[in-house]
Each structure stands twice: as structure tokens, then as C-alpha cells.
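Okay, structure first, notes after.
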Amino acid sequence: MLKLIINGRQVTAKNGMTVLQAAQEAGIYIPTLCADPDLEPHGGCRLCIVEVEGMRDMPTACTTTVSDGMVVNTETEAVNKARRTVIDLLISDHPMDCLTCVKNQRCELQEVAAYLGITERHLPMTITERPVDDSNPFFTLDHNYCILCQRCTRTCDEVTVVNAVEIINRGYDSKVSTFGDKPLMESICKSCGECVVRCPVAALVPKNNIIPTSEVETTCPYCGVGCMMHLGIRDDKIISVKGSRNSQANNGRLCVKGRYGIADFVHHPQRLTEPLIRKNNVLQEANWDEALDIVTEKLSGYSCDQIAVIASAKCTNEENYIVQKFARTVLGTNNIDHCARL
Amino acid sequence: MAGLATTFGSGAMTNSNNDITDAACILAIGSNTTETHPVIGFNVKKAVRHGTKLIVANPRRIGLVRFADIWLRQKPGSDVALLMAITKVILDDGLHDSAFIQQRCENFDTFKQSLDNIDLASAENITGVPRNQIIEAARMYARNSPASILYAMGITQHSHGTDNVMAIANLAMLTGNIGKPGSGVNPLRGQNNVQGACDMGSLPDVCSGYQKVTDPAIKEKFKAAWGIDLPSDTGLAITEMFDAILQGKIKALYLIGENPVLSDPDASHVREALSNLEFFVAQDIFMNETAELAHVVLPGTSFAEKDGTFTNTERRVQRVRKAIEPTGNSRADWLITCQIAQRMKAKGFDFEHPSQIMDEIAELTPSYGGISYKRLERGGLQWPCPTTEHPGTQILHTQQFARGKGRFMPLEYKPPAELPDDDYPLILTTGRSLFQYHTGTMSRKVAGLNLFKGEEEVEINPQDAERLALKDGDRVRVVSRRGHVTAGVKITDASSPGVVFMTFHFAESPTNILTNPVLDPVSRIPELKVCSVRIEKV
Amino acid sequence: MKTENNFNPPEQVLNATDRPRIVVGTATCGRASGAMKVLKTIGDELKRHDIDADVTEVGCIGLCFAEPLVDIIKPGKPRITYGELTPQKISSLIEDYLINDNPRPDLALGTIGEGSIEGIPRLFEIPVLRSQVRITLRHCGHIDPEKINDYISVGGYKGLEKVLTEMTPQQVIDEVRTSGLRGRGGAGFPTATKWQFCYNAPGNQKYIICNADEGDPGAFMDRSMIEGDPHAVIEGIAIAAYAIGASEGYIYIRAEYPLAVKRVLFAIKEAEAKGFLDENILGSDFSFHLHVKEGAGAFVCGEETALMASIEGKRGMPRPRPPFPAQSGLWGKPTNINNVKTLATVPIIIDRGGKWYSQFGTEKSRGTSIFALTGKITYMGLVEVPLGITLHDIIHDIGGGVPNGKKLKAVQTGGPSGGCLPANMANLPVDYEELARAGSIMGSGGMVVMDEDTCMVDVARFFISFTRSESCGKCVPCRLGTKQMLDILENICSGKGKPGDLELLEDLAQSIKVSSLCGLGQTAPNPVLTTLRYFREEYEEHLKYHHCRAVVCKELVTYSIIGEKCPGCGLCVRECPVGAITFIGKKKPVILDETKCTRCGACYSICRLGAVEIK
């Protein structure tokens, strides 16, 4: 443990921590738009610059590691002036349609601008109409909103190691794009949406943008990795999926199926909603009593070696437990299996 | 599972998802990790990015090959020969962990002797992997400790799958790569709750927690709990059930949430069997190819409409929580089974909430002994978790193996049951796409996913395509001894010459009509990864 | 300072043996002026006259204004350098001198070496070379860069041999410390200190990188160095590698320098064959492998962290320092990066000693530095001067002053990261500290001379448009700040400037300077800040009066016809691309329609009577 002083307050930090992490742990806010806990320090947005006694210039808190006895000031006039210039520059190159923007009130640029007390645009607008990549079925890449924090490109490099997106061109013409500047759907993008999660603005946004009224943490029903996720619910419908950082199975990450492949099947119109009974060789809707009566009656009519049960690797532990208990105690057979082998 | 149970005493993944990034070397064999376990795939690639060595052993040029230090492109079904050759090189080079072998393992001398017959020339011949690559891979695996082995159905779905698994176990024990972070033998389970379904005893030979139904003590224990004598003979495995139905032995079937008509080998045989049943009740959330054959179909609920737990590949028991009300008049599957049982006048099925079921599981299942919904509120628990104070187990076999000593198993290479010949000159191997899942019951209902992969494609090497005069997108008929399916062609060097690849996601091209139902004698897993086919242009 | 004046190449490369020797400068600058045609003509003529002579290709001696250059050495005669040759001139020269013994003083620039020829001055006494002290460039233009034996014959690789046989790495670093050598790439960090950091850094694997990604517009020092004397660079790298303990090295060079790439690759092969590179160099335990990595022409890749990212196969983007490359550089290993000129100076420092080198230059800026002298200057070229020399001496004594009777207005040093210094600061000594104090930087050696026809607002606009395009895009101040500054400057240049623009410009410039991530952004505002500091009145004229005194900013300029001077010849009418000038009859002045005029200047150029006026 190291001791340092941030804004006159003594703070402890672990060796190897950055000044930004140390400040965050101590509850001291330092604005940033490019830092992300899952990504390596970037130092691109320049908002987290601070003053450190004994260091020349103003280092970025996200790239500066703490040392014992370090004296850090995060709120000097020089620091805030430079930060305001950064925000001035960003908003001069960003649409001013906050009220109708999908990220309204969830936008980190808004948040930082508000923190710095920016209430008006100081610089001439530089933004021009830029193209929108609408090719992906699950999310949109809108270059108009992009602030080039590179969280997306870094995610695609450091978190998923897919490397589908990178910065192309140079200078003011720099933009997030794919190999050969092709639409996302023609690239090697795997649509996991990890970049979308980390976008601080409305440059990468899911196509479905309704805000849920509640969230429920559960476990993904697809493969065996066991990613935990928060299902966003509104009006008894799943409208969003978010990786759960609480689970060490996935640490917040999801793949394309988990993130975008849930609601469509759960709410699919072809879901079975009533029991069906075969009558005249056609499966016809019936009520539960009728269906369960037939099942009970029929299953009771066979000896234990004439019956088999196939359980499911898609069902819960409790369900599998109940089914095998049912097979062994009620039907009296060990003829129970499931698709473990497939 | 049977292979690891024999050698280690437990069939589960020894280490954890996150633990993979601690490995100095990863051997991924028979696992297309980035497609089938994408988030674990992230971990593997991230590890490589930070300097971990990666050896990929796969007949196909899978996504991980791009990140691999060495790619061993073995012929399908030649894994035992490959793994034994690697083992042999490590022993010959003296790179094995003698102390670990001596203290923790048994049967080493017999095993060592069995390697005398192995020579790299024949290994090269059988596997098609150049011997210098075998040597390089052996050294890389042995010298970079800790080393982790990942495998999946590419290892198990063979007529000698158990041998494959034991060959892997031998390799890990030989180098002391068991029981420490970043090491281990890690079978990646395919379905979200395969691990749980096995743990819970949805198996013909064991009750929950792998308690043998043939063990008198176990029978006694369950009799005390359930008040009923357990049937003492091992039951039928799923593939045997279909034979028994056709033989007229099995007349009634209760099937929950499965679609064997698409997922099981020799699908025509499965369909015929199911049509032969006197009574067939299917329980599912969608009508599918299997449920269509049922006499009664009961609407279950999706994971989002019920409470419960899943146990993932790393033995982590995690909560499933009810997020929305059941769709229409569907009911949670546990409730349906309980209601049937209660109507059949059975006791012990009067649960009001799955948490009560978990309490019973914990009571009767030593490895789940410490698990309760209350504890799971704070996050998942990895079994073994025998007591309410136990924090769960991230790594198995740290002090000793579950069976005491790790057992080296002498092995012999056996070729796949069906090899290419003049009539069926190509090998068909099967697998999954990232964008679909299993038989597509869920994923094909997602419009966006279908945009990425909406129909079956037979992946074929350019050489074979040229010989057969095929172009990308041509429709072809793939024919095996068991039937034929049609699909489009995708020409790619991801497939090696002589090998074609298909998924089994699409009912329109039901690949498992083609596959060979021959079983591994121990695990009773069918040989889905190798069968012989020919391709005809339509 | 007049110690050894210039480092005349040793006799063996100066003198012909028993037959004439013809030396042709075929560096990129020579080629651009037609050296290859001259070379071919020489071959043809020698054949035609059946003359037995040696023909050698060499690099650039720095007299760019006089390219193509050819030296002829006849047995028993001093070497004569001829300039501004054409195929015609060279064929008559061969006939006149080689056959008829007329040395053609009219074509000659000077003689080199012992002896003299009437009517031809000594080359190193002509003004452009007299004040130079050519240490680093001493072989350029004299030895054949594609013959390692030429380099060895002038003492090449003696320094490497010395360090491997007589010196410990620490002694090498100490020798360089004694020399006072500072980084010639721009920042002027003491070379020995940099090496010491890397030497002290723990780790078995270390790297040395030679930065040859010369991206400043108008700069060509590194290119000439590599084209003219690649082995000096290689030897310097090998010595540095030995000093810091590197076993692998890279030369990061622009792909736009094909000749330099070719020559350095060839030189590496030759050096490997001779045992100066690779395993067990010169029989010692020291092994060192040198690779060439071609850059794709991004200016920012001259920044060391971006350069390393580029070598690693990533997009060339800088990362914050610390950690410094000496701690965590290429692939996370301790790495030392030096500029071409720094490394090329190392062999002679080792050979003659640090103390010897330190006699040149000033207290804090030791030695010599190389400048690419361009712009409005009589003798354009590559010059090497002792540090501390004044701008005036470089411009007037060496460069021959501003041509065409125009007045010196400003000097821009340091490329896009540098600043513009006004004529009244011509007495400023050129060294790291003085230039920085004046708001500019030494940079890697670009020196652009500007006369009164240069608009300083336009100069600032030019450099900002360069940095706006070349910013890597990573950090906000540089990416968007240069865009904002450029917009303002373009407005001012086109008469659309607003009150407050200068204050905003200054404010932006200061903010970008303090908050940008790397050197590119931190120095990008320098051209704006220095022009605002020294030429503010020009900005104000543009703003307030829409007036561009240098008549450069098109939108602020009006063209008119001076009636009394115009005879109505109609030349300008035909020349005008937009039909803005109307012919109304002979002897009557033409009429210029200002609303149509695009201010292209075609009429002004064509009129021989001065009847077109620009205001």
C-alpha cells in the first residue's frame, strides 16, 4: 500500500495502480472519456490530466502510476481550463441534438460537459454530415457522434481480440472503420457488441433503445460458458441484455447470441402456449387438466422397463433433479438420459 | 467424462474460465473455442496477446489458428496417435515431471512400457502431422508451465472418445499440469446446463452427484430419503433407447427440451423409433422436428420465465431468475413434472419453489452440500462445495486426485469406425457456428442471427471442389451410408483436402441423417465427428 | 573554429590511379536534376572516344543548387568539381578536358585536394562550403555508398573495432558523454544519458532503433546521409547497440525513400558479409542483427512511441510517456531510439575521441549540426555547421542570402513543429537553447528561408494544414484543435476573419500545447504562436483591412490594369482562364472584370510591361 495526497487529502493505493484508479477508489471524480476498467490506459481524451508535484507538464491520471508520497491536484485552474478546451473541441464536432439523441442522459460526454460547467458552445461548429453504418442487424455505427475515444477499437483488440475495427485515415479525417473501410456486416466483426457496451456516446448504439423499467440477473441459456446477464424488462418483455460483471464466468462479457439472441426467441410468436393432444392424428390444443390426465394415465400403464425419460441439458438443475427423481421413484426406471453427449 | 472419471476420478473441467489466462501454454484440441464458447475464446486470445503459447490441434483451420504458435492439422479421428506421440517425445526428452508422477499418480511403469511401440514415423503417417511439428508441440507444451488443455466434442464424439480423453489426461499428468492455476484438463461443455444435468443424475447409471445406482450404500441412502427402492440396474443411454424402442422393449417416452431428430446421429433411425412409440409425451417451448411426432406436447417455459440454477462448464452453479411471466399457458418444466408426479400419487413432489428443490439436492448430493439460493444471491459457487461454509472449488485435484492417485492409462490407437472408400471418399466432420446454436430451436428464431448464418453450408477444400467441379454456392447432395441431405457449398481452405464440414443447426439440411451412430463403448457417445460421405452436384 | 576546416577525404578517394576517374553524384537530389542522364552520357562518351576511365557513383555533397554534380580526376591533376551539368555540357567537357586537357573553368565549381588549376577556386574555399564544418557528412559525395571498401578505406568501421576490442559498454557511453553529443532528431536530449538509461534498464532483450522517418516538409538530411554514407549510420547503430546491450536493431525508414532503402539494405548485406553485423562481430562475443522497416509515410511515425507501434505492426499512434522507451519500448523491452544523424556521428566520436568532438559548437550544444537549407535562398543545399553559428552566417555566408534582391523576412526552423523567426533575429546563435527561447526548435534540421513575398499568416496556415492532416487522431486537442486553428487561419486568409479570432487562436494554441499527448501535438501550434508573436501586425492587416502585404492570400488581393502602361496587346486576354479580361481594341487598355477574376495571377505573369497591378 502506498500513500499519496490527492487534492490535499491523504489517499492509499495499491502498487501499480494508476492515479485515476487511486482517485476513483477514494471517491474523487476525475473526468475521462477514454478510460475503461477493462482496457489498457490510453491517454487519448486528455480529460483526466492532473497536476503532479515534481512532474513537468500535466500528466494524464489514467496513464500515470502512483508512487509513494505523490502529491496530485485534480482541480487546478490550468487543468480545468485544458479540460474545458477538450470539451469545447469535442462538442464543436458533435451534433447538438441531445434531446432527441438515444444516449440522452446516458451520454458520458454530456456528463463531463456538465461537470466542467460548459453551458454554451465556444468554438465554431466543425461537424459535417458523416455516413452511418447501418448494416449490422443489432447495432448502428454513426460516425456523426463518434468522439474517437477508441474504446471500441481497443475493446476489439484487447477484450475480444477480433480486431474487426480500427482507426483509419489520419488527422481530422480519422474514423473508426473496418479493413478496407467496408460496412460492418462485410467485415470480420462477430457482432458481440462489446464495443457497443463501452461507447460513451451515441456512435455505437443498439438498434433497440428502449430503456427497461427493471433488470433481472440470470444466466445465459446458450452454451456451457455460463455467462451471467441482466435482462432488461419493460412491460413483461425482455428489451435489453447486459453482461453481468458479478459473474466470474464471463466478467461482464457476452457473445452475439447472449447479447442479441434472447428476446427474439423468448417472445417468438411460435412459442407453445397451450398443451397439445394428438387427436385424429393431428396435434390439437387442449387444456392442462386434459393433457396431464392423459399423460398420467398413459405413463401409469407401462411397466418400469417399458418406459424411458429423456431430460434436458437446457433445463435447470432443479428440473433435471426432479425428472430423474420422477423416473427413478415414480416410473421406477433408470432409463433416463439427456443429450450430454451431443 | 468417462475418460476423466477413470483417470482422475471426476469428469469435470479441472480449472476455471478465468484461470485459462494464467496458462503459459494452451493446447486447444478438438475445440473450436471462438465459435462454440466465444467468451472463453476471448480468454484464450487475450492470453496469447499477453504471451501465452498456443498450440491448436484441429483438422480444420479454425479461428484460433490465426493466434496459434503451432497448428497441428491432424486427420479426423487420429487424436490418440497424435497425443501418444506427443507424450512419447516428452518422455524421450526427459521433460516429464517425475516428482508429480511419483507422488500423485499410479500405473506409470505399465504406461511407459506401452509407449515403447510408439514411433514418430507411424504417428506422422496416421495423423498426417509432420513429425517435427509433433516434436515442437511436445516441447512447447512441456516447457511452458503451467499448461492448460482445452477440449470439447472434437475429442469426445468418436467411437474411441474415451481413449482420446484418457490420452489427454496422461499428457497432463505426465507434465504435472494438474491441480494448479493455469493448468489442467478442461473439457468445455457444449450446452448451458450439460454439467448440471449430469450433476443432477439425468443419467442412466448415477443419481445426483454421480452416486452410482448400483452401489448398495447409495441405494440405502436414497431409500431413506425418498422412501422408495431405487431400481438397481443401469438404465439405457439415449442412443440405446432408440434401438430398444424399435425392438419393442420401450413403449413410452417422456422427453423434455430435446430435439434428437436433429441432434442425434442417424436421424432417420431416430425418427423411425419415435414414430414407433405407443405413447410419447414431449415437453418444449417450441414445436420442433421431434415434438411433431409426440402424442401429447406440453408447453414448458423458457429460462426467462422461471427460477432455477444452471451449472456451467467450470462447475459454477449460478442462478436463473424469473424475469417475466410464463408465455400464454406455458408452465415451468419443474412444475409440470411435479404435477404429473403428484397426479400419479407420488410423494416428494410438492415443491412450491425451486429453492426448495435445491435444498433437497444439497441434502442428498455431497458436492452440492453447501449450495443454497441464499448463498447464490452473492454469486455463483463452484462445486465441490460440500458445506455451507465452503467457498467452492476453483481448481480440482490440488492435493490429490478425486480418486486418490491419478491413473495413467496405456492406450492403443484405433481408427474411426468408418473410413473413406471408393464409394464414400470424403470424411464428414460436424460442428457449430457462432451465430446458431445446436438444432436452432432458439437461435433460428432470432432474425438477426439468421443474417449471419441462415442456411447449411458444406465447407469443402478448394482441391476437392475443383475435382468435383463445384463453385461457391452450388447445391450439393451429401450422401452417407445412412442417407442424404442437400445444402449449399462453401469453398474454403478451413477444410483440409478430403474433409468436409457441416453444422447441424438446420432442419432443412439435417446433417445428422448422415452421421454414424456407432458408440464409444464406455461413454456411449456417438461418433459424430467422423463419417464417410460422397458429394454429388444437384 | 578554423581547426581542420573541412574534413577533406583522404587521398585514396580523391586521386585517380593511372587513369581518369569520373565521380557522379547520384543521390535523389542529383537524380531529380538529371544526374542519371548525365551518367549515361558519360558512359556513351567514354565509349565513343574509347577512353579508359573509372566511373563512380557517390551521394550528395550538399550543393543541391548546382546539381547534377560531376567530379573529374585526371592522373596528376587535382580533383575538379563541375556543377549544373547537362548531357550536352558533359559531352563537351569530356572531350575538352579528357582529350584536349582544357579543364573548362567556366563549368567548374572548384578543386579538391592538393594542387591547383588556374581559373578554378578551391572547392572548400567557395563561400557555401567555407564556413561549414563537415564532420558527419565528411564522406558524402566522396565515397561510393555501394562499396564497403570505400568506407573501410577512409577509416570506416575502425570505431566499431575499437569499441569491441578496447572498450566496455560503459566506456563507450562515457566517451559519447564527453563529446556532448545531443539528439539530432529535434529534442536535443543528451545521447549518452539516453544510452545510459537503456544500458541500466534490466532485461536481456534490448533494441536499438534508428529513426530515419524524416517527415518534415522540405527536409532531406537523413535521406542524403543514408544515400551518401550508409555505412556510417550502420556503424553508429552497431556501436550504440554494443553500448546499450542490444542484440536486435531496426532502421525505420520512409518507403518514399526508395534509393536510401536500397542503399542501406545493400550496405547491411555488405556489412554482414564482412563480419561487421550478425553473429560474433569481428570475432567478439557481441552479436547484433540489424533490420530495415519501411514506414508508410505517416509524419507521426517519426515520434518514437508511434514509430515503435508501427514496427510492432500496429497503427502508428503515440502512447504517453512514461514509461519511456528505455524502460518499456519495442515489444515492451528496453529500447533506445536515435536519429540517423546522431548515430552517423558516433563512429568519428569513438575514432577521434569525445574531447575532440566537443571542441566544436557551444558550451551546451556541442558539435555540428546538419541543416537542409531551402526556401528563398541563393544556394539551396545541405549544410553542416558548428552549433552556435548565427542564422545570419548560415543564410548569408553559406546560403548566399536571399536572391533577386529581395529582403529576408523570416526563417523557419524545425519543420512543422518549429517556429518562424523574424529577420531582426538573424544574429541568434543556432543552438538548442537559443532557438527554444525564441519560440522555435532545432528540430531535425529543416531551415526554410522566407523573403518579403512570403505571407506569414499563410505560412502558419500551411503548417497547421500539414499537422491537421498528419495528426494521428488519437488525442482530442491535436485532432480537433488543429482543425479549429486551420479553420480560423483559412478564414483570416480569405478575409472572413472575425474580431477575437487572434485571441481564440492564441488560446487554442496554448491549450493544444499543454494538453496534447505527444510531441506532434505539443509543438503543432509553434508556427502559429511564433508568427503571432513576431508578425502580429500581418495578422491584423488581414483581419482589419483584408490586406495581405505579401500579396499571397488570393481572396485578399485585387488585380487591376494600369491604363497608362497597357498597350492593349491582348496577351493577358488570351492567358486568362476565366475570361475576366476583355479586349476593346488596339492601343486601348484591356478591361479586367474583378467579379470574374479568380486571382490566379496568369495575367500578371504574362505581362511584360508591368501593366497588371496586384494590391
Side-chain angles (χ1 to χ4, degrees), chain A residues 18 33-34 40-49 51 55-65 67 78-79 81-94 109 122-128 146-150 153-154 157 163 166-176, chain C residues 296-301 305-306 313-323 327 464-488 490-491 496 498 500-501 504-505 507-522 524:
Chain A
T18 65
L33 285 171
C34 69
E40 285 161 27
H42 184 62
C45 77
R46 315 306 293 168
L47 283 164
C48 72
I49 51 169
E51 283 186 24
M55 280 178 88
R56 65 188 178 102
D57 308 331
M58 294 186 280
T60 40
C62 70
T63 61
T64 307
T65 41
S67 60
V79 156
K81 181 174 187 300
R83 285 176 184 161
R84 279 195 294 270
T85 305
V86 168
I87 294 296
D88 280 343
L89 287 166
L90 282 174
I91 63 177
S92 71
D93 202 54
H94 192 90
L109 178 59
H122 296 101
L123 296 171
M125 287 298 259
T126 49
I127 184 157
T128 49
C146 179
I147 56 168
L148 254 75
C149 66
Q150 282 192 259
T153 61
R154 288 149 63 212
D157 180 37
N163 297 101
E166 227 327 339
I167 305 294
I168 66 160
N169 302 336
R170 286 202 286 266
Y172 181 70
D173 305 319
S174 305
K175 68 166 183 171
V176 173
Chain C
F299 176 68
V300 72
C301 285
T305 58
K314 298 177 190 150
R315 179 179 162 87
M317 280 187 163
R319 57 159 181 76
R321 296 171 303 180
Q327 302 148 344
I464 291 297
S465 107
F466 181 85
T467 39
R468 188 218 77 126
S469 307
E470 290 295 337
S471 159
C472 77
K474 179 169 175 173
C475 81
V476 177
C478 178
R479 182 181 79 245
L480 296 177
T482 53
K483 162 76 177 162
Q484 286 282 357
M485 286 204 293
L486 180 63
D487 284 358
I488 296 169
E490 279 178 344
N491 282 342
K496 293 179 216 130
K498 292 185 298 287
D501 271 1
L504 182 57
L505 202 53
D507 201 45
L508 276 168
Q510 289 297 355
S511 288
I512 294 164
K513 221 174 148 79
V514 297
S515 60
S516 286
L517 167 61
C518 82
L520 190 156
Q522 287 159 11

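Please read these numbers as outputs of a predicted model, since none were measured by experiment. Chain A is the first sequence line, chain B the second, and so forth, proteins listed ahead of strands; every chain is numbered from 1.
Rounding to the nearest 0.5 Å places CZ of C:Arg479 at 15.5 Å from CZ of A:Arg170. Atom CD1 of residue C:Ile512 and atom OG1 of residue A:Thr85 lie 8.5 Å apart, to the nearest 0.5 angstrom. A distance of 10.0 Å separates CG of C:Leu480 from CD1 of A:Ile127, quoted to the nearest 0.5 Å. For the atom pair C:Cys475 SG and A:Gln150 CD, the distance stands at 11.0 Å (nearest 0.5 Å). Note that CG of C:Leu508 is 8.5 Å distant from CG of A:Asp88, once rounded to the nearest 0.5 Å.
Across every non-hydrogen atom of C:Leu517 and A:Gly43, the tightest pair is CD1-O, 3.8 Å. Considering all non-hydrogen atoms of both residues, A:Val86 and C:Pro477 come closest at CG2-CG, 4.1 Å. Taking every heavy atom of both residues into account, C:Gln484 and A:Ser92 meet most closely at NE2-OG, 2.9 Å.
Under a 3.5 Å cut-off, the side chain of C:Lys474 and the backbone N or O of A:His42 do form a donor-acceptor pair. Judged by distance alone, with hydrogens and angles left aside, the side-chain atoms of C:Arg315 form a donor-acceptor pair with the main-chain N or O of A:Ile167 at under 3.5 Å.
Ranked by non-hydrogen atom pairs under 4.5 Å with chain A, the options C:Arg319, C:Gln510, C:Glu470, C:Arg468 are led by C:Arg468. Residue with the most contacts toward chain A among C:Pro322, C:Cys478, C:Ser515: C:Ser515 (heavy-atom pairs, distance under 4.5 Å).
In this structure, the portion of A:Asn169 lying under 4.5 Å from any heavy atom of chain C is its backbone and not its side chain. For a residue to count as touching a neighbouring chain, one of its non-hydrogen atoms must lie under 4.5 Å from one of that chain's; by this rule A:Leu33 does not touch chain C. Both the backbone and the side chain of A:Thr63 come within contact range of chain C, judged by heavy atoms closer than 4.5 Å.
Under a 4.0 Å N-O distance rule, the pair A:Asp57/C:Arg321 does not qualify as a salt bridge.
For the side chain to side chain contact (heavy atoms under 4.5 Å, CB included) criterion with C:Val476, the lone passing option out of A:Ile87, A:Leu90, A:Leu148 is A:Leu90.
Side-chain contact between A:Leu123 and C:Lys483: absent, with no pair of heavy atoms (C-beta onward) separated by less than 4.5 Å.
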